[in-house]
Amino acid sequence: MIDLKYLQNNFDEASMKLQKKGVDADTLKMLKDMFATLKESNVAFESTKAEQNRLSKEFGAYKQKGQDTSELKAKLEALKSEITKLQESARNAEESLENLALTIPNFPDDAVPQGADENDNVEIKKVLTPKAFDFTPKEHWGLGVANGWIDFERGVKLAKSRFSVLKGKGAKLERALINFFLDTNAKAGFEEFNLPLMNNSAMLLGTGQLPKFGDDLFKIDDEDLYLIPTAEVPLTNLYNDEIVDVNSLPILMSAYTPCFRKEAGSAGRDTRGMIRQHQFDKVEMVAIAHPDKSDEIFEMMVENASGLLTALGLPHRLVMLCGGDLGFGAAKTVDLEVWLPGQQKYREISSISNTRDFQARRAKIRYKEDGKNSFVHTLNGSALAVGRTLIAIMENYQDENGEIEIPEVLKKYM
RNA sequence: AGAGGGGUGGCCGAGCGGUUGAAGGCGCACGCCUGGAACGCGUGUAUAGUUAACGCUAUCGAGGGUUCGAAUCCCUUCCCCUCUGCCA
C-alpha cells in the first residue's frame with residue numbers, strides 16, 4: 001500500500017511517479033479525496049464519541065452518589081443514535097478508501113526507466129558469452145523427451161495442460177539444482193526455511209497478490225487457503241503484523257517451494273515446453289531490511305542470483321525493468337535472463353525486487369528503533385527458478401547427439 | 001469429524017458491567033549501588049489514527065447484539081489446546 005499521507009501532501013509528484021506504472025491521475029485524485037473524506041468523518045465521529053464517553057463517566061458518578069440521572073440519560077440516548085450514524089459513515093469511508101488503496105501499485109524508484117512493456121527494459125550488462133555451436137542447437141522440449149527426462153503427455157494426463165513430469169536424470173538434476181541453490185544462498189547468509197504451501201488470504205493480501213490478482217491463484221475449496229504462487233508469500237509474511245528489533249535486521253531467508261499459478265492472462269504464450277507451467281519449483285530469497293540498507297541488500301541479492309548462473313556456466317544478462325513492466329508491488333526490479341540457444345533468446349529466470357515499504361505497510365511489518373516504530377523494507381528474488389535453469393542447462397550443455405553434459409558444480413549433487 | 005477447555009500488552013498472567021489501556025510478574029531500557037559485574041533499589045516500557053502540544057478516538061481473536069456505559073453479559077464466526085476417532 002502506498003503512503004496516503006505522502007499522496008495527500010505531494011499529489012503532483014506522486015501522480016507523476018505512478019504515471020510510469022500507468023495509473024491515471026483521476027484515480028489518484030479520487031483516492032486523495034476519499035482520504036480527506038475519511039479524515040472528516042473520523043473527526044466527526046471521534047468528537048461525538050468523546051462527548052458520550054465523558055457523559056457516561058458522569059452518569060456512573062451520579063449513580064454512585066445516588067443523584068438523579070434522568071436528564072443525563074435523555075441526553076445520552078440522543079447522542080447514541082447520532083454516534084451510530086457517524087460511526088457507520090466513518091466505516092464506509094474507510095472501507096471504500098481501503099478497497100481502492102489496495103489496488104494502487106507501488107511507486108517506482110526515480111531510477112526506473114520510462115516505458116510501456118518489456119521492450120523498453122534496459123540491459124545493465126551481459127555475463128558470459130553464449131558459446132558457438134557447430135550444429136543447430138535444439139530446444140529443450142525435444143531434448144527432454146529424447147533423453148527421457150521430461151514426460152509432457154503424462155503430466156497432462158495426471159492433471160491438465162501446463163503440467164509435466166520429470167523423471168530419471170531429469171528429476172535428479174532438478175533436485176541437484178535445488179540443493180545447490182539452497183547451499184549457495186546459505187553461504188550468502190540466507191537462512192533456509194521449509195514452509196506451508198498454502199497460505200490464508202491475509203497473507204496474500206500482505207504481499208500484494210490479493211485483492212487484485214486472485215484470478216491467478218489456485219484457491220482451496222471451502223477454506224480460506226490458497227496455493228502459494230511463490231515462496232515470497234510465506235517468507236515475507238513470517239513477520240506479518242510483527243515488530244522486529246532493529247538489531248535483528250537484515251533478516252535474510254531462503255526457501256525451496258513448488259509454486260502454483262493459474263497463468264491467467266498468458267493464454268497461448270509459451271504453451272510448448274516447460275517455460276510456463278501451473279506448478280514449478282523455485283528457490284526464493286527474501287530480505288527484511290532497514291530502509292537505509294535495502295539498496296545495498298538489493299545489489300547483493302542480484303549478485304548472488306547472477307553468481308548462481310555464472311557458477312553453472314550459463315550466459316545471462318541483467319535487465320532493469322521499465323515502469324510499464326514493473327510488478328504491482330515493486331519499486332525497482334532487476335530481471336536475470338538466461339541465454340537459451342535452442343530459442344536463440346534470453347529468457348527470464350530470476351526477478352529481484354525491492355518493494356521498499358509497500359508490502360511492509362500492507363503486512364504491518366515494522367521495526368523498533370529508538371522507541372519509534374517504522375516500516376521495514378522487504379525484498380524478494382528468485383535464486384533461481386529451478387525448472388527454467390534445468391531448461392537452460394539442457395539447451396546450453398547439449399552436444400550434437402542431443403546428449404547433455406552435467407555442469408561441474410552440480411556433479412557432487414548428482 | 002465428536003466432546004471439553006481456552007484466546008488479554010514483547011512474553012506469562014489477573015480482571016468477569018462504570019475513574020481499566022488494562023493489577024502483578026518476567027523481559028527490555030535508563031539511573032543509583034559496585035573497582036567491575038551479579039544481586040538489590042528507582043524510573044520507564046502496547047498498537048494505530050488524530051493533534052504544534054495537552055489531549056482525544058479506536059483496539060483485550062473477528063463480527064454483531066444488550067446497555068447511558070462492555071475486556072467483562074448474549075449470539076455468530078475463526079483460531080489454539082486436551083481427549084476420542086482417522087491418518088503420513
Side-chain angles (χ1 to χ4, degrees), chain A residues 1-9 31-32 34-102 194-206 210-211 219-226 234 237-249 251 258 288 357-376:
Chain A
M1 188 135 83
I2 60 168
D3 184 350
L4 293 174
K5 270 191 228 165
Y6 170 78
L7 178 75
Q8 189 183 43
N9 299 327
L31 187 65
K32 187 189 164 190
M34 283 169 138
F35 188 51
T37 305
L38 173 65
K39 279 194 169 182
E40 280 168 32
S41 333
N42 274 343
V43 168
F45 164 68
E46 281 172 17
S47 56
T48 314
K49 183 71 186 172
E51 175 75 358
Q52 187 198 37
N53 287 346
R54 197 177 60 77
L55 292 178
S56 276
K57 253 180 203 170
E58 218 169 279
F59 187 97
Y62 274 41
K63 262 268 154 96
Q64 238 163 22
K65 285 187 256 172
Q67 283 174 293
D68 176 42
T69 56
S70 54
E71 196 182 327
L72 254 187
K73 188 163 179 169
K75 256 197 233 174
L76 278 160
E77 265 162 7
L79 267 184
K80 197 177 173 180
S81 66
E82 194 182 340
I83 283 172
T84 310
K85 262 187 247 157
L86 289 171
Q87 184 170 33
E88 197 175 331
S89 62
R91 236 183 244 172
N92 289 341
E94 186 169 3
E95 199 184 319
S96 40
L97 173 73
E98 190 158 294
N99 284 344
L100 181 60
L102 286 173
N194 194 297
L195 301 154
L197 302 181
M198 298 179 207
N199 284 191
N200 62 45
S201 54
M203 302 303 115
L204 273 306
L205 194 89
L210 290 179
K219 186 176 188 309
I220 307 298
D221 264 356
D222 303 324
E223 298 272 357
D224 179 33
L225 289 171
Y226 297 80
N237 282 298
L238 283 170
Y239 291 93
N240 190 299
D241 200 18
E242 292 196 23
I243 300 166
V244 299
D245 190 319
V246 68
N247 295 316
S248 66
L249 300 177
I251 301 168
I288 311 281
D357 64 1
F358 185 81
Q359 290 180 328
R361 205 175 282 280
R362 292 175 156 245
K364 302 184 195 70
I365 309 175
R366 292 144 295 171
Y367 68 96
K368 196 183 269 295
E369 188 174 34
D370 302 328
K372 194 170 153 280
N373 295 329
S374 320
F375 291 112
V376 298

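These figures come from a predicted structure and were not determined experimentally. Order of the sequence lines fixes the chain letters, A, B, ..., with proteins taken first and strands second; residue numbering starts at 1 for each chain.
If you take CG of D3(A) and C1' of G49(B), they are 13 Å apart, rounded to a whole angstrom. Atom CD in E94(A) sits about 11 Å away from atom P in U50(B), given to the nearest Å. Rounded to whole angstrom, the span from the CD1 atom of I365(A) across to the P atom of A48(B) amounts to 14 Å. Going from atom CD1 of I243(A) over to atom P of U45(B) covers 16 Å, rounded to whole Å. Between the P atom of G69(B) and the CD atom of Q87(A) lies a distance of 12 Å, rounded to the nearest Å. Rounded to an integer number of Å, the gap from CG of D241(A) to C1' of U47(B) is 9 Å. In this structure, Y367(A) places its OH atom 14 Å from P of U47(B), rounding to the nearest Å.
Rounded to the nearest 0.5 Å, atoms CE (M34(A)) and CG (L4(A)) are 11.0 Å apart. Rounding to the nearest 0.5 Å gives a distance of 9.5 Å between CD1 of I288(A) and CD of E242(A). In this structure, E94(A) CD and F35(A) CZ are separated by 10.5 Å, a value rounded to the nearest 0.5 Å.
Residues satisfying the side chain to side chain donor-acceptor pair (under 3.5 Å) test with D222(A), not counting sequence neighbours, are none. For N200(A), the side-chain contact (heavy atoms from CB on, under 4.5 Å) partners two or more places apart in sequence, or in a different chain, are A202(A), M203(A), D224(A), L225(A). With sequence neighbours excluded, the residues satisfying salt bridge (charged side-chain N to carboxylate O under 4.0 Å, His left out) with R361(A) are D3(A), D357(A). Residues that satisfy the ring pair (Phe, Tyr, Trp, His ring centres under 6.0 Å) test with Y6(A), not counting sequence neighbours, are F107(A). In this structure K49(A) satisfies the side chain to side chain donor-acceptor pair (under 3.5 Å) test together with Q52(A), sequence neighbours excluded. Not counting sequence neighbours, Y239(A) has no partner by the ring pair (Phe, Tyr, Trp, His ring centres under 6.0 Å) test. A search for side chain to side chain donor-acceptor pair (under 3.5 Å) contacts involving S47(A) returns nothing, not counting sequence neighbours. Every residue was checked against the salt bridge (charged side-chain N to carboxylate O under 4.0 Å, His left out) condition with E88(A), not counting sequence neighbours, and none meets it.
Separating the C1' atom of C60(B) from that of G7(B) is a span of 10 Å, rounded to the nearest Å. The separation of G42(B) from G25(B), taken at their P atoms, amounts to 10 Å, rounded to a whole angstrom. G2(B) and G85(B) are spaced 8 Å apart, taking the C1' atom of each and rounding to whole Å. Spacing between G65(B) and U57(B) at atom C1', rounded to whole Å, works out to 22 Å. A1(B) and A71(B) have their P atoms separated by 33 Å, with the value rounded to a whole Å. With both ends at atom P, the span from G64(B) to C16(B) equals 26 Å, rounded to whole Å. Nucleotides G5(B) and U19(B) are separated by 34 Å at their C1' atoms, to the nearest Å. Nucleotides C80(B) and U8(B), compared at atom C1', are 15 Å apart to the nearest Å.
At a threshold of 4.0 angstrom between heavy atoms, the contacts of K75(A) with the nucleic acid are absent. Looking at heavy-atom distances under 4.0 Å, D224(A) makes no contact with the nucleic acid at all.
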Pairing annotation in dot-bracket form, given for RNA chain B with Watson-Crick or G-U pairs under 3.5 Å and | for cross-strand partners: ((((((((.[[[..)..(.....]]]((((((.......))))))(((((....))))).[[[[[..)....]]]]])))))))....
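Two residues, R366(A) and V43(A), neighbour RNA chain B, and the one matched to the more 5' nucleotide by heavy-atom proximity is R366(A).
Under the 4.5 Å side-chain criterion, counting only non-hydrogen atoms from C-beta, R366(A) is in contact with K364(A).
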Collect all protein-nucleotide pairs involving nucleotides 71-79 of chain B in which both atoms are nitrogen or oxygen and the distance is under 3.5 Å.
none

Under 4.0 Å protein heavy-atom contacts per nucleotide of nucleotides 55-68 of chain B, with B for base, S for backbone only and - for none: -SSS-----S--BB
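An OP1 or OP2 oxygen of C28(B) is reached within less than 4.0 angstrom by no side-chain nitrogen or oxygen of K368(A).
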Less than 3.5 Å apart, which donor and acceptor atoms pair up between the side chains of residues 71-83 of chain A and the rest of the protein, not counting sequence neighbours?
residue, atom, partner, partner atom, Å
S81(A), OG, A78(A), O, 3.3

